[in-house]
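Data first, discussion second: the structure below is written as structure tokens.
No experiment lies behind these values; they were computed from the predicted model shown.
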Amino acid sequence: DMCAAVAKELGVKLEHKGVSVEARIPELTLGRVDLVVAALGYTKERAQQIDFTAAHYQTPIKLIVHSNGGFTKIEDLADKRISANKGSTPELYARRTLPKATILTFQDTPAAFLALAQNKVQALALSQPSGIRFVNESEGKYKFLDGALAWEPTAMGVKKDEPALLAAVNDA
């Protein structure tokens with residue numbers, strides 16, 4: 001929806017290209033995409049590689065666990081196994097918040113969720129909007145833990161040194 005709205009405002013044809021979380025910034029910096037939109041959280045490290053638009057919302061980075069797993073707060077997972085998308089900010093925040101935990105990374109969210117479903121990990125770290133479907137469709141099998149690993153400003157990304165495109169996207 002965001003892509004379509006920006007393309008319409010810019011008067012260009014939308015060509016949507018799905019890429020993995022870890023490929024988003026390389027695809028942008030190599031010029032294979034003009035704009036990264038999906039769940040792109042701001043970090044200082046990313047800002048050294050790309051330019052960010054103004055943030056358009058903030059989202060909590062949460063942990064999903066088995067409802068009957070006995071976990072009630074983030075600290076309960078201090079030394080447990082947690083899955084996340086490789087190169088994602090949920091991976092980053094899980095490592096920062098729970099430095100003694102073992103973080104297993106996967107190429108996409110379904111694979112990271114499958115690790116939880118198969119009891120290979122005790123939790124899945126991801127943004128709340130991304131996890132709502134897993135929790136809601138589980139018929140009570142999974143839940144979000146109270147609290148958040150972090151609150152993340154979300155923006156769109158453009159290649160460095162393209163001030164006209166950055167301004168146009170911000171205006172849109």
Side-chain angles (χ1 to χ4, degrees), residues 1-64 74 82-99 101-116 121 123-135 144 147-172:
D1 291 342
M2 292 292 288
C3 293
V6 169
K8 182 178 178 182
E9 284 293 316
L10 297 179
V12 297
K13 181 182 177 217
L14 173 64
E15 183 181 329
H16 183 264
K17 180 179 181 181
V19 295
S20 68
V21 170
E22 70 176 331
R24 293 178 301 181
I25 292 175
E27 288 290 300
L28 186 62
T29 58
L30 292 170
R32 295 181 185 148
V33 297
D34 297 309
L35 183 65
V36 173
V37 178
L40 183 64
Y42 175 89
T43 66
K44 291 178 192 175
E45 296 82 9
R46 288 178 176 171
Q48 293 173 353
Q49 301 171 13
I50 65 171
D51 285 331
F52 282 87
T53 64
H56 49 274
Y57 65 92
Q58 293 233 3
T59 185
I61 304 301
K62 306 280 282 182
L63 292 171
I64 293 178
I74 291 170
I82 300 169
S83 63
N85 285 356
K86 186 175 184 178
S88 68
T89 51
E91 175 193 357
L92 171 75
Y93 295 127
R95 290 186 191 283
R96 284 184 184 169
T97 305
L98 302 166
T102 301
I103 311 300
L104 301 176
T105 60
F106 296 86
Q107 291 299 317
D108 56 35
T109 304
F113 179 76
L114 185 60
L116 176 64
V121 298
L124 164 61
L126 76 170
S127 69
Q128 185 173 9
S130 297
I132 288 173
R133 181 175 177 194
F134 293 113
V135 171
F144 286 111
L149 294 171
W151 279 86
E152 177 178 82
T154 301
M156 293 176 259
V158 299
K159 190 175 179 179
K160 282 271 189 204
D161 301 320
E162 293 198 15
L165 177 59
L166 181 62
V169 172
N170 273 328
D171 287 346

Atom CG in D108, atom CG in L114: separation rounded to 0.5 Å? 10.0 Å
A115 to F106 - nearest heavy-atom pair and separation: CB-CZ, 3.6 Å
Determine whether a donor-acceptor pair (N or O, by modelled atom type, separation under 3.5 Å) exists between the side chain of S83 and the backbone of A112. yes
Taking atom CD of E22 and atom CG of N85, what is their separation to the nearest 0.5 Å? 9.5 Å
Heavy-atom closest contact (A123 atom, L116 atom, distance): N-CD1, 3.8 Å
Heavy-atom side-chain contact between T97 and I61 under 4.5 Å: no
Which atom pair, heavy atoms only, marks the closest approach of A84 to P90? CB-C, 4.4 Å
Side chain to side chain, L40 and R46, heavy atoms closer than 4.5 Å: yes
To the nearest 0.5 Å, tell me how far R95 CZ sits from T105 OG1. 6.5 Å
Could you measure the distance from the CZ atom of R24 to the OG atom of S88? Nearest 0.5 Å is fine. 8.0 Å
Give the C-alpha distance, both sets of side-chain angles, the deciding distance and a yes or no for side-chain contact (heavy atoms from CB on, under 4.5 Å) between V121 and I82. CA-CA 5 Å; V121 298; I82 300 169; 5.7 Å; no
Contact list for residues 151-162, test side chain to side chain donor-acceptor pair (under 3.5 Å), sequence neighbours left out: D51-K160, T89-E152
State, to 0.1 Å, how close F144 and I132 come at their nearest heavy-atom pair, and which atoms those are. CZ-N, 3.7 Å
Rounding to 0.5 Å, atoms CD1 (I50) and OH (Y42) come to a distance of 10.0 Å
Donor-acceptor list for residues 6-16 side chains, cut-off 3.5 Å, not counting sequence neighbours:
none

Shortest non-hydrogen pair, Q49 vs T29, comes out as O-CG2, 3.7 Å
Side-chain contact test, heavy atoms from C-beta onward, threshold under 4.5 Å: evaluate it for I25 versus V36 and give yes or no. no
Looking only at non-hydrogen atoms, find the nearest pair between Y93 and L149 and report the distance. CB-CB, 4.1 Å
With the side chain counted from C-beta on, respond yes when N170 and T53 share a heavy-atom pair under 4.5 Å apart, and no when they do not. yes
Measuring from atom CD of E27 to atom OG of S20, what distance do you get when rounded to the nearest 0.5 angstrom? 8.0 Å
Going through the checks in order, is the side-chain contact (heavy atoms from CB on, under 4.5 Å) test met by L126 and T109? CA-CA 8 Å; L126 76 170; T109 304; 3.9 Å; yes
